[in-house]
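This report refers to the structure that appears directly beneath it.
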Amino acid sequence: MINIQFKLKDPKSDGKTSIRCIFYHKNERFLYSLGEDKTIFPKLWDSKAMKPIDTRSKEAKTLFKQYIDHNYNIEYELKNVQQRIENVVSEIEKFISNTELQNRILSLEELKNHLNLQFNGENKLQSVSEKKALTLNDYISKFIEDISDGHRTYTSRQGERIQYAKSSVKVYKEFKTQFDLFQTNRYKLNFGDIDLTFYDNFVTYFSKKNYKTNAIGKQIKCLKTIMNAALEEDLHTNMIFQKKDFKTLKSEVDNVYLDTEELKLLQEIDLSGKPHLELARDIFLCGCYTALRYSDYSRLSSEYIVQKDGQFYIDMITLKTKQRVVIPVKPLVFDILKKYDYKLPKTYEQKINKNIKLIAQMCGINTEIEVKTNEGSKIKLKFVPKYELIMTHTARRTGATLLYKNGVNTLDIMKITGHKTEKTLLNYIKINSEENANRLKDNPFFA
């Protein structure tokens, strides 16, 4: 027997939201909206029972008072919604039963058309057919257009609707470029073509281009997000991309951090005759001593500096997560800002990445580090000098790691870095077993 469920489209909505009927059949998801005239306030929905709350309960009577201004017939509406749910279940069960009696294969498309005719009339059926004409490539273009102009947003963990950051939009645009190249000399892919065979070919395609595992994973993640968005919009019923074998590839990155001695070398090297290198070094140091992302530490200026009780703080809303952070200003950071008239000059991340490697090499930061490399589909180990692994993100990782090594509480570090759990922060921090033991040796427990 098919397990028919009813769920809200947006359970965190302040206003009304639509109700969706969902069940799974042979790796395909059936999704059907009860209609624009059968919406509900989330507080009036019983998620466990998957129906409106009991209108006779004390809880319902109390809640009705909150919504009476919106609609005097709120109780009547809930009864209509409940009736629609029962009717939809009845029609689905009858359709499936008739299909079995006729020894026919169940077509979810035919079932949806049947429900549309029963509850929404022919106009609804026509609009669904028009919607179905949108291909995967069309939808990718539309998705990117919508996140670029802010029409499409996402829900944060705090339940806020947030626009996609420019950096995220750039990632999806890069995905589209690669997806288009992948289709060169192939027929244009559509929603139904995204299966495990496609997955293997897609991964192999990037492996032959010597993409690293995480870079391939980023392409797959973009595709899965787009496929899921299209699924929610009822543009296809292909569920294969949600199988565990269709996984987003990920491997531990060979990230490094700089210790205090290495930072001192960066600070003290004379770059006065090379202004482009001096700027790269100064911006990088701002990242090391704030633990901010490059998108935030590269735009530091006086407008983000506040003074309270004689102490200066950085007070800003981060670009990526839109979180407010307040960070004490280290004197060195203040001196750097003063050098540039309290506004860091605009530059580009690629230039910083290139120049900071050169500066680190000039400073003799060349300890041999063992790293994993991808050659086609094979993973090999090799040693590279440390300066080759330094980039803009190293600054943020350096800041977080040094804060941790200096005994700063992990919850306080998380307020700066934006990590949601202590586990993810500790995975992010680069500290080996010997360093950890050294940090713990003075703990009273070991006395």
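No experiment lies behind these values; they were computed from the predicted model shown. Side chains are part of it too, since the values below use all heavy atoms of this structure and drop only hydrogens, waters and symmetry mates.
Taking every heavy atom of both residues into account, Ala400 and Ile413 meet most closely at O-CD1, 4.1 Å. Of all heavy-atom pairs spanning Phe284 and Met391, the tightest one is CE1-O, 3.3 Å. Across all their heavy atoms, Ile416 and Ala291 have their closest contact at CG2-CB, 4.0 Å. Contact detail for Leu300 and Leu292: the closest heavy-atom pair is CD2-CD1, 4.4 Å. Taking all atoms of both residues into account, the shortest heavy-atom contact from Tyr313 to Lys308 is CE1-O, 3.9 Å. Nearest heavy atoms, Gln178 versus Lys209: OE1-NZ, 2.9 Å.
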For the pair Met227 and Leu136, evaluate side-chain contact (heavy atoms from CB on, under 4.5 Å) and give the outcome as yes or no after the intermediate values.
-> CA-CA 8 Å; Met227 286 289 291; Leu136 172 57; 4.1 Å; yes
Could you walk me through whether Ile19 and Lys38 pass the side-chain contact (heavy atoms from CB on, under 4.5 Å) check?
-> CA-CA 7 Å; Ile19 303 167; Lys38 296 295 181 288; 5.5 Å; no
For Tyr297 and Thr392, run side-chain contact (heavy atoms from CB on, under 4.5 Å): C-alpha distance rounded to whole Å, both residues' side-chain angles, the deciding distance at 0.1 Å, then the answer.
-> CA-CA 10 Å; Tyr297 72 73; Thr392 55; 3.5 Å; yes
Determine, step by step, whether Leu189 and Phe179 satisfy the side-chain contact (heavy atoms from CB on, under 4.5 Å) criterion, reporting the C-alpha distance in whole Å, the side-chain angles of both residues, the deciding distance to 0.1 Å, and the verdict.
-> CA-CA 10 Å; Leu189 296 165; Phe179 193 70; 3.8 Å; yes
Would Thr204 and Asn201 satisfy side chain to side chain donor-acceptor pair (under 3.5 Å), going step by step from the backbone distance to the final call?
-> CA-CA 5 Å; Thr204 300; Asn201 292 336; 5.5 Å; no
Trace of the side chain to side chain donor-acceptor pair (under 3.5 Å) decision for Thr421 with Thr424 | CA-CA 6 Å; Thr421 66; Thr424 55; 3.1 Å; yes
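Paired with Tyr342 under the rule ring pair (Phe, Tyr, Trp, His ring centres under 6.0 Å), one option of Tyr304, Phe334, Phe312 passes, and it is Phe334.
Under a 4.0 Å N-O distance rule, the pair Arg20/Glu232 qualifies as a salt bridge. Ionic pairing of Lys354 and Glu349 is not present here: no N-O contact between side-chain nitrogen and carboxylate oxygen is shorter than 4.0 angstrom. Lys112 and Glu28 are not joined by a salt bridge, as no carboxylate oxygen comes within less than 4.0 angstrom of a charged side-chain nitrogen.
Distance check, rounded to the nearest 0.5 Å: OG of Ser33 to CG of Asp234 gives 9.0 Å. Gln350 CD to Asn355 CG: the interatomic distance, rounded to the nearest 0.5 Å, is 11.5 Å. Expressed to the nearest 0.5 Å, how far CD1 of Ile40 lies from NZ of Lys51 amounts to 12.0 Å. Between the CG atom in Asn238 and the CG atom in Asp195 there is a gap of 7.5 Å [rounded to 0.5 Å].
Side chains of Asn137 and Gln183: a donor-acceptor N/O pair is present below 3.5 angstrom, by distance only.
Below 30°, between 30° and 60°, or above 60°: for Tyr172 and Phe143 the angle between ring planes is between 30° and 60°, a tilted geometry.
Partners of Lys173 by side-chain contact (heavy atoms from CB on, under 4.5 Å), not counting sequence neighbours, listed by chain and number: Ile144, Ser148, Val169. Checked against side-chain contact (heavy atoms from CB on, under 4.5 Å), Ser90 has the following partners two or more places apart in sequence or in another chain: Lys94. Judged as a side-chain contact (heavy atoms from CB on, under 4.5 Å), and not counting sequence neighbours, the contacts of Thr17 are Leu8, Lys9, Asp10, Ser13, Pro42.
Pairs of residues two or more places apart, or lying in two chains, that qualify as salt bridge (Lys or Arg N to Asp or Glu O under 4.0 Å) and include a residue from residues 176-188 are Lys176-Asp180. Every pair passing salt bridge (Lys or Arg N to Asp or Glu O under 4.0 Å) that includes a residue from residues 285-302 is listed here, sequence neighbours excluded: Asp296-Arg299.
The local environment of CG in Leu101 is crowded, with over 12 non-hydrogen atoms from other residues, nucleotides or ligands closer than 6.0 Å.
Ring pair Phe182/Phe202: centre-to-centre distance below 6.0 Å.
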Counting only pairs under 3.5 Å, give me each side-chain donor-acceptor contact of residues 215-226, with atom names and distances, residues two or more places apart or in other chains.
unit_1, atom_1, unit_2, atom_2, d
Lys224, NZ, Phe241, O, 2.9
Lys224, NZ, Phe246, O, 2.8
Thr225, OG1, Lys221, O, 2.9

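Taking the ring centre of Tyr348 as origin, the terminal cationic atom of Lys346 falls inside the region bounded by 6.0 Å and 45° from the ring axis.
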